[in-house]
Amino acid sequence: GCSDSGEADSGSGGNESVSVVLKTLSSPYWKYVEAGALAAGEELGVDVTVVGPSAESQVIEQVNMLEDQVSQSPGAIVVSPSQPDTVVPVLEQAAQTDLPVLLIDSDAEFEGKTTFIGTENFTAGQEGGKLLASMLQKGDKVALIAGALGNPATDDRIKGAKEALEEAGMDVVAEQPGDSDKTKAMSVMENIMEKDGDVKGVFAATDDMALGVLRAVEAKGMDTKVIGTDGTEEAVESILGGGLAGTIAQSPYNMGYQGVENALKAINGETVEERIDSGIDIITEENAQEQLDFVKSISK
Amino acid sequence: MSEAVIEKEKPVGEKKSFKHFLGKFGALIGLIILTVVLTFLSDKFLTVNNLMNIARQSSINALLAIGMLLPILTAGIDLSVGSILAISIMTMGIVSVNMGMSPVLGIIVCLAVGAAFGLLNGLLLTKLRLPHPFISTLGTMNIARGIALIITAAAPIAGFPYLIQFLGREFVGPIPVSFLLVIGVYIVFHIFLTRTQTGRYIYAIGGNKEAAHLSGINVDRVLIIVYTISGLMAGLAGLVMVGRVNSAFPLAGLSYELDAIAAVIIGGASFFGGVGTVWGTLIGAMIIAVLRNGLNLLNVSADFQMAVIGIVIIAAVYVDVLRQRNSKKN
Amino acid sequence: MSEAVIEKEKPVGEKKSFKHFLGKFGALIGLIILTVVLTFLSDKFLTVNNLMNIARQSSINALLAIGMLLPILTAGIDLSVGSILAISIMTMGIVSVNMGMSPVLGIIVCLAVGAAFGLLNGLLLTKLRLPHPFISTLGTMNIARGIALIITAAAPIAGFPYLIQFLGREFVGPIPVSFLLVIGVYIVFHIFLTRTQTGRYIYAIGGNKEAAHLSGINVDRVLIIVYTISGLMAGLAGLVMVGRVNSAFPLAGLSYELDAIAAVIIGGASFFGGVGTVWGTLIGAMIIAVLRNGLNLLNVSADFQMAVIGIVIIAAVYVDVLRQRNSKKN
Amino acid sequence: MAVHAGSLLELKGIKKSFNQNHVLKGIDLEVTAGEVHVLLGENGAGKSTLIKIMTGAYQKDAGEVYWEGKQVQVNNPVDAMNLGIATIYQELNVIPELKVYENIFLGREIKKGGKMSMIDHKKMKKEAERALGMLGQDPKIADQILGELGIGQQQLVEIAKALTLDAKLIIMDEPTASLSGSEVEQLYDCVEQLTERGIAIVFISHRLDEIRRMGDRITVLRDGYKIETLPVKTTETDHWIELMVGRSLDEKYPKKSFEPGREGFRVENLKVAGTEAPVDFSIHYGEIVGISGLVGAGRTELARAIFGADKREHGNLFIDGKQVKIKSPKDAIKAGMAFITEDRKSEGLLLDQPLDFNIGLANMKKFKNKSNLVNLKGIRDEADNYVKELKVRPSDIDLHARKLSGGNQQKVVIAKWLCTNAKVFIFDEPTRGIDVGAKVEVYRLMNQLVDNGAIVLMISSDLPEILGMCDRVLVMSEGRITADLPRNEATQERIMKAATGTADAAEKPLIAATGG
Ligand SMILES: Nc1ncnc2c1ncn2[C@@H]1O[C@H](COP(=O)(O)OP(=O)(O)OP(=O)(O)O)[C@@H](O)[C@H]1O
Ligand SMILES: Nc1ncnc2c1ncn2[C@@H]1O[C@H](COP(=O)(O)OP(=O)(O)OP(=O)(O)O)[C@@H](O)[C@H]1O
Ligand SMILES: [Mg+2]
Ligand SMILES: [Mg+2]
């Protein structure tokens, strides 16, 4: 039944459809990806459907969504897997019907993929670590605030940051989970400061947690440098206001946009690069205003 | 007078037995309504392909739910099923991927670990005399997840041998093996719960623990069996999950207990114990799967999905309440 | 003979009253043990500063838990508190940040939305006659979270006026206002539950719903009040949270219900209703906060944290079980 | 029922205490095969505790147990069952969610083959039907969900359960408390058959006429001691009472007659949902009206409908000639009604709350002080008074209701309703399980209520009590009132005839159905 309708769709030409399956749609970061994908759809005249489960931890739910999208036979699939390996079986099935598959944000080891668009989370963490180290002296104490353990994206960021920080000779005194929750991150930071009152810098795996950490730091009247990841509006505003020291933005909007753009290319038989770097923006006080304007423009 | 009228409207035989059937599995009405509505809303819904999707997608929750039915029948609960699922599949991954041992051994380990943690739940509850399984299973929920993270350093494991993937991946004709497994398991549970002594004791304990004890039932033993089976089912659900996605990750099954409990309760079981059926649970699991699938097909956004799922859960149970009220009036 | 011996070993007066106190708040022993252990393990633990940290960190859960105590006392449950917290603070954000209206209005809206969703829980349970609040509150949990995401397009709201932040942020001397609020709320709840008619009815309904009904208690009315208060407390907890982190985000409070329920149960309340105290609940909330804090101080890695939390939950309750068993023997 | 020689069960020096409460202080008891051995004692004397030690439900603190001459340890109910002891406990011990036949075979299901094989539902149902038939019950109820039966029928199921056990000793702890005349007769027959086969019965009852008819020997317990074991035949009932309460009792039914006054309470055209005909009756000041009938006659249903606990199809209630609107128990209490429910455990008590809470529950308004808070001290004082007045033992209002003996629990329920200062009292089996001394207290209390201008309606399955205390007797059968007998016309025969529904009564439902 469904392969017929798929042919009918592609036969009609012009009005192509692309299904985008994200990790979730319940956070600003993924809303930016969605915004990019929808913008591309509008500009290029493609029918774009963006779906995602209610939380990143809903892994199998994401697989189900992917399955349900595949069975609707879109022109191409753009997916950002929460647990990369989990989507492979469904994608393999999809590839049998020559459905182009594009991965964004998080890569998966899947032979038949058209391309991967994004930056490694590990790299983002490394950049964050380097940025933090550049603001501190050798031997300064630093802390790492992780997401929920077992979330590959935040785990990789922490690994990257830790490597960069240790390379730069920083003293990592704490590595604690904040469960990607602002309030929990704040509590964790309070407790860390109790143990090590002279923590000079913190890297948090998400901006939300960074903002919670900042709040704890400010309450103690310390000038600990806090670096986040994601580049959300709230974080950028905080940077402008002298709060966060910086954040690492992985260009979510670009990922979404380029994902749909290249999906269309694949549908039309054009060649697509195997690996597209969507770029990392290191945001500090200097370029924060720029980023803020951009973020504001896309979240409307 | 009015009674006479009612009498006339009630032909015996077929109609009555259908009513009897509905009486037993009230949630079925909810499932039927849901199916009809979705069929109207999406032409993709009532296709063989999609129904098989639903069958496959429901299987993990269906297995957890049938395991969960047992604790709930005894007026208990098992919060740890999602975590037990995770530790089962991670140990299986270590054995048959990381250590490269035989897949059969992996499967055995997976089920055994599940059952072992279930046994732990049962022992904590009965030997430590903890006041309610909420405590013991909340504890195990954290312990099992913690261990799953520790032993794998939070890394996922992929590339399982075919035999392990078989259950979650293969088809017999158009029908997913995982769904056939579910049907088989449910039949076994039906026989277990209705026809064996231990099965009946599970109901008895839920109905009146004290009376069960005084009737010579070894309540502790039955409870230990109950939680062990629930753990075993979590291991089995994990096996299916691994087959489906060809990978194991330590956050697998996070918050799955809620869906499993919801399936059992939507299926007509009572938190106060002693009431609930295998087929009701299956219908409960199907309602949840159909709903999720339907909303995906309709491209309802995640936030709206949440709200709609909330409403449907309430509505599904309310339909059953209405039915019961009506049947009492007659 | 042996009786006489026992009598001699029991001096009356002080010791007895302490025993009585322990008898009432058994979890206190668990808290004391935990405190002693942590004091030995970390010299940072027993400092004024750190205790104030714990006081502040426990406040959100303490407020949710005291709200949760009421449904549990009636043999019910409220799964929706985390979601209600989220929708309350998001609407407050919309009113007093996005729309720039007065902070007082914002606070009123926050509490009113919380209470309104609680009321919805109560009405669903009693008017639709849903068999168990697990269903109604599971439904509301999804609905409220869904709406919170929809109305804000999943975006957080920051920059709240000082008045709104006051509760969660300020100090009186070294003591956080949020903790003073908790103490105040707990005293009010203590009076409410022990000294008012409705409060006593809550225990009666949990003890025996049928007997309560036949004793002239309007069970539905009391249940509606119970769930409304639980919702109101979720709103208040949200207010504290916003003050703490100066922002509201739609995923706030995710899975907080588990911690709240755990606090209530660790504090000695029974899922079967009718049993549980305000101060026990406070101790339960403190145990959880102390544990989390201690693990942070010791820089225990995340995976071990999970496992340890699981073990401590079980141990804390087991200590209470042992105590009860001993006191029965005497 | 001859006393056969050879002791079956022998207890020596049994002691048991709960916390500081020494309940049994060294009890000796000997039960021989084929005898009906009655345990007699006031509420809280320790009868149920003693039998729970025999059955392994409780552990004794000291003493020895001999079974057929050999010393044995009974550690749990299974041990007792293996010895051949079957027990009907005082408080119903059934699984409401399971079917009747499953309850009857609970713990020893019939299987199709070996140990691991399936349950043979068919065979169990058949056997259960047979056992129910022996008790004169409709065998069809074997397939019903137990919880749907009335409490009396549930009690019969428990008896059937004990009968189907191949036991040498059957312990019955107040099996007749919620049974009415004809069921008790059936029980007599059963017991006779059993004892003829050499089976021993340990029997507890507070109904002395029953003991007279059935018992062979009586052991009287008081204050934790065994007072005496004496034969039934050759001793006087008054002597038993004296041994039991430590003093003699003047009259068992202290009936006082009052000047009948005007009509105080009227039920008009009341139709309970599911029944066939409406019910009318009225009660005048100065009279106690009883409702008699067989188990399941619908007396409780009627009372619940009056009290607003169940929906009624239609019907009007009048107090002092003024119509009162009653839609819920709350309305009923407001209108001045009290309803002492029949099942104290499920409808009467908060088992895990102290006595003062239980007693103050139905009238908490009374204890509110100016600041609208509940005056806990006030409740305590009042509860304390009732506990003393009704001689609840132990008289500790901080005790949880669960810890009281059955009879004392019943007194607490009565206290709760006295505390409401109601005008119309409906007693449903008020003396179920309470001892002769306490019964007299309850009767005196009824007299006092009537004297103080209250209306008293008493539902009872205890015929002597109905005959002894009521000025007028309504008899119910199948939901309808089939007789209204003034005191001088109320005889056992006439009541039984109306209760069992004679030929013309059986036709009435049809007429009522078509005519309605
Ligand atoms: N589980 C328990 N915990 C504490 N005290 C108990 C418990 N069970 C019984 N008791 C006490 O033991 C005493 C004897 O109770 P028991 O039930 O044996 O009396 P009984 O003779 O059967 O009275 P009744 O005629 O009222 O049934 C009572 O004072 C009661 O309060
Ligand atoms: N919850 C119920 N569901 C179905 N049937 C019931 C229920 N309760 C009572 N009945 C039935 O209603 C009929 C009347 O019961 P009711 O309790 O009023 O009788 P009764 O005269 O008070 O007798 P007793 O209390 O001694 O059993 C009985 O046949 C009983 O089986
Ligand atoms: Mg007794
Ligand atoms: Mg009755």
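Just so you know, these numbers use all the heavy atoms, side chains as well, and skip hydrogens, waters and symmetry mates. Just so we're on the same page: letters track the sequence lines, and every chain starts at 1.
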- Message: With a 4.5 Å cut-off on side-chain heavy atoms, are C:Leu128 and B:Ile314 touching?
- Response: yes
- Query: Which answer fits C:Ile311, side chain, backbone, both or neither, if we ask what part of it has an atom under 4.5 Å from a heavy atom of chain B?
  - Reply: both
- Under the side-chain contact (heavy atoms from CB on, under 4.5 Å) test, residues paired with C:Met306 that sit two or more places apart: B:Asn142, B:Arg145, B:Leu149
- Tightest non-hydrogen contact, residues B:Ala262 and C:Leu138, listed as CB-CD2, 3.5 Å
- Kindly compute the distance separating CD1 (C:Ile135) from CD1 (B:Ile265), expressed to the nearest 0.5 Å. 6.0 Å
- Side chain, backbone, both or neither of B:Leu124 within contact of chain C (heavy atoms, under 4.5 Å): side chain
- Query: Under a 4.5 Å cut-off applied to non-hydrogen side-chain atoms, are C:Arg129 and B:Tyr318 in contact?
  - Reply: no
- Message: So for atom CZ, which belongs to C:Phe304, do other residues, nucleotides or ligands contribute more than 12 heavy atoms lying within a distance under 6.0 Å?
- Response: no
- Message: Show the nearest heavy-atom pair for residues C:Val321 and B:Pro131, with the distance to one decimal.
- Response: CG2-CD, 3.9 Å
- Task: Supply the atom-to-atom distance B:Ile313 CD1 to C:Ser136 OG, rounded to the nearest 0.5 angstrom.
- Result: 11.0 Å
- Message: How long is the straight-line distance from CZ of B:Phe134 back to CD1 of C:Ile77, given to the nearest 0.5 Å?
- Response: 5.5 Å
- Message: Just so I understand: if I count every heavy-atom pair under 4.5 Å between each of B:Val317, B:Leu79, B:Val312 and chain C, which residue has the most?
- Response: B:Val317
- Looking at B:Thr140, B:Leu258, B:Ile147, which one has more heavy-atom pairs under 4.5 Å with chain C than the rest? B:Leu258
